Amino acid sequence: MTHLRVMLEYFHPWTNAAGFYVASREGWYADAGLDVELTVFDALRGDTLEHLARGEVHFGVFPTNRLLVRRAAGQPLHGVASINHRAMETIQTVKGRGITRPRDLEGRRLALNPTPRGVAMVNHLVAADGGDPARVTLVDSGHRELSVDDIAAGEVDATFGGYWAWDALMAQLPADQRVIWPVDEIGAPPYHSYLLGTGPALDGREDLTATFLEVTERGYRAATDNQAETLRILDHVIPYFPRALLARSLDLITPTWWHEGRWGEIRPELMDPYTDWLAAAGILPPTFDWHSAITEIPRAVPR
(Lines give C-alpha, C1' and ligand atoms only; values in the text may rest on other atoms or scores of the structure.)
Protein backbone atom coordinates (compact mmCIF):
# COMPACT_ATOMS: atom_id res chain seq x y z
CA MET A 1 0.00 0.00 0.00
CA THR A 2 1.24 3.49 -0.89
CA HIS A 3 0.46 6.06 1.79
CA LEU A 4 -0.95 9.35 0.48
CA ARG A 5 -1.78 12.30 2.70
CA VAL A 6 -4.54 14.52 1.27
CA MET A 7 -5.20 17.93 2.82
CA LEU A 8 -8.60 19.59 2.42
CA GLU A 9 -9.28 23.28 1.90
CA TYR A 10 -11.08 24.32 5.06
CA PHE A 11 -10.72 24.30 8.85
CA HIS A 12 -12.86 21.15 8.97
CA PRO A 13 -14.34 18.75 6.42
CA TRP A 14 -17.51 19.88 4.68
CA THR A 15 -19.67 18.59 1.86
CA ASN A 16 -17.25 19.70 -0.86
CA ALA A 17 -14.95 16.87 0.24
CA ALA A 18 -17.65 14.18 -0.02
CA GLY A 19 -16.09 12.42 -3.00
CA PHE A 20 -12.86 11.76 -1.11
CA TYR A 21 -14.68 10.36 1.88
CA VAL A 22 -16.94 8.14 -0.20
CA ALA A 23 -13.96 6.66 -2.06
CA SER A 24 -12.18 6.08 1.25
CA ARG A 25 -15.15 4.59 3.10
CA GLU A 26 -16.05 2.28 0.22
CA GLY A 27 -12.49 0.94 0.10
CA TRP A 28 -11.83 2.06 -3.47
CA TYR A 29 -8.52 3.74 -2.64
CA ALA A 30 -7.37 0.59 -0.85
CA ASP A 31 -8.45 -1.55 -3.82
CA ALA A 32 -6.12 0.57 -5.96
CA GLY A 33 -3.22 0.07 -3.53
CA LEU A 34 -3.54 3.48 -1.90
CA ASP A 35 -3.57 4.11 1.84
CA VAL A 36 -5.23 7.54 1.77
CA GLU A 37 -5.24 9.78 4.84
CA LEU A 38 -7.66 12.72 4.67
CA THR A 39 -6.80 15.67 6.85
CA VAL A 40 -7.24 19.43 7.29
CA PHE A 41 -4.56 22.08 7.66
CA ASP A 42 -3.10 23.43 10.88
CA ALA A 43 -3.98 27.12 10.44
CA LEU A 44 -1.13 28.17 12.74
CA ARG A 45 1.30 26.58 10.27
CA GLY A 46 -0.32 27.94 7.13
CA ASP A 47 -2.90 26.95 4.55
CA THR A 48 -3.00 23.79 2.44
CA LEU A 49 -0.61 25.20 -0.15
CA GLU A 50 2.01 25.94 2.49
CA HIS A 51 1.81 22.36 3.73
CA LEU A 52 2.08 21.15 0.12
CA ALA A 53 5.09 23.37 -0.58
CA ARG A 54 6.90 21.95 2.43
CA GLY A 55 6.30 18.41 1.16
CA GLU A 56 4.18 17.50 4.19
CA VAL A 57 1.23 16.29 2.12
CA HIS A 58 0.91 14.65 -1.29
CA PHE A 59 -2.32 16.22 -2.50
CA GLY A 60 -4.20 19.32 -1.45
CA VAL A 61 -7.38 21.24 -2.23
CA PHE A 62 -6.97 25.02 -2.51
CA PRO A 63 -8.40 28.18 -4.08
CA THR A 64 -7.31 28.75 -7.67
CA ASN A 65 -6.03 32.28 -7.06
CA ARG A 66 -3.71 31.18 -4.27
CA LEU A 67 -2.11 28.57 -6.49
CA LEU A 68 -1.53 31.08 -9.26
CA VAL A 69 0.05 33.60 -6.89
CA ARG A 70 2.43 30.97 -5.50
CA ARG A 71 3.35 29.71 -8.95
CA ALA A 72 4.09 33.27 -10.04
CA ALA A 73 6.48 33.39 -7.07
CA GLY A 74 8.19 30.22 -8.31
CA GLN A 75 6.88 27.69 -5.79
CA PRO A 76 6.86 24.01 -6.91
CA LEU A 77 3.08 23.55 -6.84
CA HIS A 78 0.70 22.40 -9.56
CA GLY A 79 -3.03 21.93 -10.05
CA VAL A 80 -4.01 18.55 -11.47
CA ALA A 81 -7.83 18.62 -11.36
CA SER A 82 -10.72 20.93 -10.65
CA ILE A 83 -13.12 20.42 -7.78
CA ASN A 84 -15.67 23.17 -8.51
CA HIS A 85 -16.78 24.87 -11.72
CA ARG A 86 -18.44 27.80 -9.97
CA ALA A 87 -17.58 30.59 -7.58
CA MET A 88 -18.77 29.86 -4.03
CA GLU A 89 -18.61 33.30 -2.43
CA THR A 90 -21.48 35.65 -1.76
CA ILE A 91 -22.32 39.13 -0.65
CA GLN A 92 -24.98 38.88 2.04
CA THR A 93 -27.19 41.40 3.78
CA VAL A 94 -30.67 41.57 5.28
CA LYS A 95 -33.86 43.14 4.04
CA GLY A 96 -34.91 46.52 5.30
CA ARG A 97 -31.45 48.08 5.11
CA GLY A 98 -32.01 49.71 1.73
CA ILE A 99 -29.38 47.47 0.10
CA THR A 100 -31.01 46.02 -2.98
CA ARG A 101 -27.99 45.85 -5.31
CA PRO A 102 -24.19 46.00 -4.97
CA ARG A 103 -23.89 49.74 -5.55
CA ASP A 104 -26.13 50.30 -2.51
CA LEU A 105 -23.14 49.28 -0.38
CA GLU A 106 -21.83 52.83 -0.72
CA GLY A 107 -21.72 54.34 2.74
CA ARG A 108 -22.28 50.95 4.39
CA ARG A 109 -20.08 48.66 6.50
CA LEU A 110 -19.09 45.44 4.74
CA ALA A 111 -17.22 42.75 6.69
CA LEU A 112 -14.62 40.52 5.04
CA ASN A 113 -11.18 39.04 5.42
CA PRO A 114 -9.38 41.90 3.60
CA THR A 115 -6.94 39.93 1.48
CA PRO A 116 -5.78 41.74 -1.68
CA ARG A 117 -7.94 39.44 -3.77
CA GLY A 118 -10.99 39.84 -1.48
CA VAL A 119 -10.78 43.63 -1.49
CA ALA A 120 -10.29 43.64 -5.27
CA MET A 121 -13.38 41.45 -5.72
CA VAL A 122 -15.58 43.70 -3.58
CA ASN A 123 -14.32 46.77 -5.44
CA HIS A 124 -14.99 45.06 -8.76
CA LEU A 125 -18.54 44.02 -7.84
CA VAL A 126 -19.51 47.46 -6.58
CA ALA A 127 -17.96 49.21 -9.59
CA ALA A 128 -19.56 46.74 -12.02
CA ASP A 129 -22.94 47.90 -10.68
CA GLY A 130 -22.06 51.57 -11.15
CA GLY A 131 -21.08 52.26 -7.55
CA ASP A 132 -18.01 53.87 -6.02
CA PRO A 133 -15.95 51.23 -4.14
CA ALA A 134 -14.10 53.96 -2.24
CA ARG A 135 -17.34 54.80 -0.45
CA VAL A 136 -17.75 51.30 0.99
CA THR A 137 -16.47 50.95 4.57
CA LEU A 138 -14.55 47.67 4.83
CA VAL A 139 -14.57 45.98 8.23
CA ASP A 140 -11.81 43.45 8.92
CA SER A 141 -13.45 40.28 10.26
CA GLY A 142 -10.26 38.21 9.94
CA HIS A 143 -10.92 34.51 9.50
CA ARG A 144 -14.26 34.76 11.26
CA GLU A 145 -17.20 34.49 8.88
CA LEU A 146 -19.92 36.90 10.00
CA SER A 147 -23.42 35.69 9.20
CA VAL A 148 -26.68 37.39 8.39
CA ASP A 149 -27.51 36.95 12.08
CA ASP A 150 -24.57 39.23 12.87
CA ILE A 151 -25.84 41.69 10.26
CA ALA A 152 -29.32 41.61 11.77
CA ALA A 153 -27.76 42.27 15.20
CA GLY A 154 -26.19 45.45 13.82
CA GLU A 155 -22.52 44.45 13.76
CA VAL A 156 -22.21 45.38 10.06
CA ASP A 157 -24.49 46.05 7.10
CA ALA A 158 -23.25 43.30 4.78
CA THR A 159 -20.61 40.59 4.43
CA PHE A 160 -18.43 39.21 1.67
CA GLY A 161 -17.01 35.69 1.55
CA GLY A 162 -19.57 33.27 2.95
CA TYR A 163 -20.46 30.38 0.63
CA TRP A 164 -23.94 30.00 -0.81
CA ALA A 165 -23.61 26.22 -0.41
CA TRP A 166 -22.33 26.25 3.18
CA ASP A 167 -22.06 29.31 5.48
CA ALA A 168 -25.19 30.93 4.07
CA LEU A 169 -27.22 27.89 5.13
CA MET A 170 -26.39 28.23 8.82
CA ALA A 171 -28.19 31.46 9.75
CA GLN A 172 -31.13 31.52 12.13
CA LEU A 173 -32.70 34.53 10.40
CA PRO A 174 -35.70 33.45 8.29
CA ALA A 175 -34.98 33.13 4.57
CA ASP A 176 -37.51 35.81 3.63
CA GLN A 177 -35.46 38.37 5.60
CA ARG A 178 -32.14 37.56 3.97
CA VAL A 179 -30.41 38.76 0.79
CA ILE A 180 -27.76 36.49 -0.75
CA TRP A 181 -25.90 37.33 -3.96
CA PRO A 182 -23.54 34.69 -5.36
CA VAL A 183 -20.65 36.69 -6.80
CA ASP A 184 -20.77 34.96 -10.18
CA GLU A 185 -24.32 36.27 -10.58
CA ILE A 186 -23.40 39.93 -9.95
CA GLY A 187 -20.37 40.49 -12.13
CA ALA A 188 -17.46 38.35 -10.92
CA PRO A 189 -15.36 36.65 -13.62
CA PRO A 190 -15.97 32.90 -13.93
CA TYR A 191 -13.50 30.68 -12.10
CA HIS A 192 -12.88 27.35 -10.41
CA SER A 193 -13.36 27.95 -6.68
CA TYR A 194 -11.15 25.01 -5.79
CA LEU A 195 -8.52 22.92 -7.49
CA LEU A 196 -6.79 19.73 -6.42
CA GLY A 197 -3.03 19.80 -6.71
CA THR A 198 0.35 18.39 -5.79
CA GLY A 199 3.72 19.58 -4.55
CA PRO A 200 7.27 18.28 -4.10
CA ALA A 201 6.15 15.11 -2.27
CA LEU A 202 4.82 13.67 -5.55
CA ASP A 203 7.45 14.87 -8.02
CA GLY A 204 7.76 12.42 -10.89
CA ARG A 205 4.84 10.22 -9.81
CA GLU A 206 2.29 10.93 -12.52
CA ASP A 207 1.28 7.26 -12.49
CA LEU A 208 0.32 7.50 -8.82
CA THR A 209 -1.44 10.80 -9.43
CA ALA A 210 -3.45 9.29 -12.30
CA THR A 211 -4.59 6.39 -10.14
CA PHE A 212 -5.61 8.70 -7.32
CA LEU A 213 -7.60 10.93 -9.69
CA GLU A 214 -9.38 7.98 -11.26
CA VAL A 215 -10.52 6.65 -7.89
CA THR A 216 -11.43 10.11 -6.63
CA GLU A 217 -13.63 10.71 -9.67
CA ARG A 218 -15.42 7.48 -8.85
CA GLY A 219 -15.97 8.79 -5.32
CA TYR A 220 -17.42 12.07 -6.55
CA ARG A 221 -19.71 10.25 -8.96
CA ALA A 222 -21.05 8.07 -6.16
CA ALA A 223 -21.43 11.09 -3.86
CA THR A 224 -23.49 12.77 -6.57
CA ASP A 225 -25.63 9.77 -7.47
CA ASN A 226 -26.31 8.42 -3.97
CA GLN A 227 -26.62 11.37 -1.63
CA ALA A 228 -28.42 9.42 1.10
CA GLU A 229 -25.48 7.05 1.50
CA THR A 230 -23.05 9.95 1.21
CA LEU A 231 -24.74 11.66 4.16
CA ARG A 232 -24.34 8.50 6.23
CA ILE A 233 -20.64 8.49 5.38
CA LEU A 234 -20.29 12.17 6.29
CA ASP A 235 -21.78 11.36 9.70
CA HIS A 236 -18.44 9.69 10.49
CA VAL A 237 -16.40 12.85 9.89
CA ILE A 238 -18.70 15.84 10.56
CA PRO A 239 -21.39 14.52 12.93
CA TYR A 240 -21.73 17.89 14.68
CA PHE A 241 -23.60 19.50 11.78
CA PRO A 242 -27.37 18.94 11.46
CA ARG A 243 -28.34 16.37 8.84
CA ALA A 244 -30.74 18.85 7.18
CA LEU A 245 -27.90 21.33 6.72
CA LEU A 246 -25.62 18.69 5.21
CA ALA A 247 -28.37 17.43 2.91
CA ARG A 248 -29.13 20.91 1.59
CA SER A 249 -25.44 21.72 1.16
CA LEU A 250 -24.75 18.46 -0.65
CA ASP A 251 -27.68 19.02 -2.99
CA LEU A 252 -26.37 22.49 -3.86
CA ILE A 253 -22.70 21.61 -4.21
CA THR A 254 -22.89 18.46 -6.34
CA PRO A 255 -23.62 20.23 -9.66
CA THR A 256 -20.47 22.33 -9.25
CA TRP A 257 -18.29 19.20 -9.45
CA TRP A 258 -19.20 18.43 -13.05
CA HIS A 259 -18.92 19.97 -16.49
CA GLU A 260 -20.76 18.19 -19.27
CA GLY A 261 -20.60 14.99 -17.23
CA ARG A 262 -16.85 15.20 -16.63
CA TRP A 263 -15.09 15.56 -13.28
CA GLY A 264 -11.75 17.25 -12.74
CA GLU A 265 -11.38 19.17 -15.99
CA ILE A 266 -9.46 22.45 -15.63
CA ARG A 267 -11.15 24.64 -18.21
CA PRO A 268 -9.54 27.52 -20.15
CA GLU A 269 -12.89 29.32 -20.31
CA LEU A 270 -12.68 29.65 -16.52
CA MET A 271 -8.93 30.04 -16.13
CA ASP A 272 -8.39 32.68 -18.84
CA PRO A 273 -10.79 35.38 -17.56
CA TYR A 274 -9.88 34.79 -13.93
CA THR A 275 -6.15 35.06 -14.60
CA ASP A 276 -6.73 38.22 -16.61
CA TRP A 277 -8.82 39.67 -13.81
CA LEU A 278 -6.21 38.84 -11.15
CA ALA A 279 -3.51 40.45 -13.30
CA ALA A 280 -5.62 43.57 -13.87
CA ALA A 281 -6.10 43.81 -10.11
CA GLY A 282 -2.34 43.68 -9.57
CA ILE A 283 -2.49 40.29 -7.83
CA LEU A 284 -0.62 38.47 -10.62
CA PRO A 285 2.12 39.73 -12.95
CA PRO A 286 0.61 40.93 -16.25
CA THR A 287 2.50 38.30 -18.27
CA PHE A 288 1.69 35.32 -16.04
CA ASP A 289 0.52 32.20 -17.91
CA TRP A 290 -1.79 30.00 -15.85
CA HIS A 291 -0.75 26.94 -17.84
CA SER A 292 2.54 26.97 -15.92
CA ALA A 293 0.55 26.19 -12.76
CA ILE A 294 -1.24 23.15 -14.21
CA THR A 295 0.00 19.61 -14.89
CA GLU A 296 -2.22 17.58 -17.19
CA ILE A 297 -2.50 13.99 -16.01
CA PRO A 298 -3.76 11.40 -18.56
CA ARG A 299 -6.36 9.16 -16.99
CA ALA A 300 -8.14 5.98 -17.91
CA VAL A 301 -11.88 6.07 -18.51
CA PRO A 302 -13.47 6.02 -15.01
CA ARG A 303 -15.34 2.92 -13.95
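Residue numbers count from 1 along this sequence. Predicted, not measured: the structure shown is a model, and the values here were computed from it.
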SB check [X] [Y] (cutoff 4.0 Å):
X: Glu106; Y: Arg101; value: no
X: Glu56; Y: Arg45; value: yes
X: Arg218; Y: Glu26; value: no
X: Arg178; Y: Asp176; value: no
X: Glu89; Y: Arg117; value: yes

Would a line drawn from the ring center of [X] to the ring center of [Y] be shorter than 6.0 Å?
X: Phe41; Y: Tyr10; result: no
X: Trp14; Y: Tyr163; result: yes
X: Phe62; Y: Tyr194; result: no

Any side-chain donor near an acceptor of the partner, [X] and [Y], under 3.5 Å:
X: Asn84; Y: Ser193; answer: no
X: Tyr29; Y: Thr216; answer: yes
X: Trp164; Y: Gln92; answer: no
X: His85; Y: Trp258; answer: no

Evaluation steps, salt bridge (charged side-chain N to carboxylate O under 4.0 Å, His left out), between Asp235 and Arg243: CA-CA 8 Å; Asp235 280 343; Arg243 174 61 74 85; 2.4 Å; yes

Measure the spacing between CD of Gln227 and CG of Leu234 and express it to the nearest 0.5 Å. 10.5 Å

Cation-aromatic face contact Arg86/Trp257, 6.0 Å, 45 degrees: no

Leu77, Asp289, Leu278 screened by side-chain contact (heavy atoms from CB on, under 4.5 Å) with Leu68, the one that passes: Leu278

Can you tell if the side chain of Trp166 reaches within under 4.5 Å of the side chain of Phe241, non-hydrogen atoms only? yes

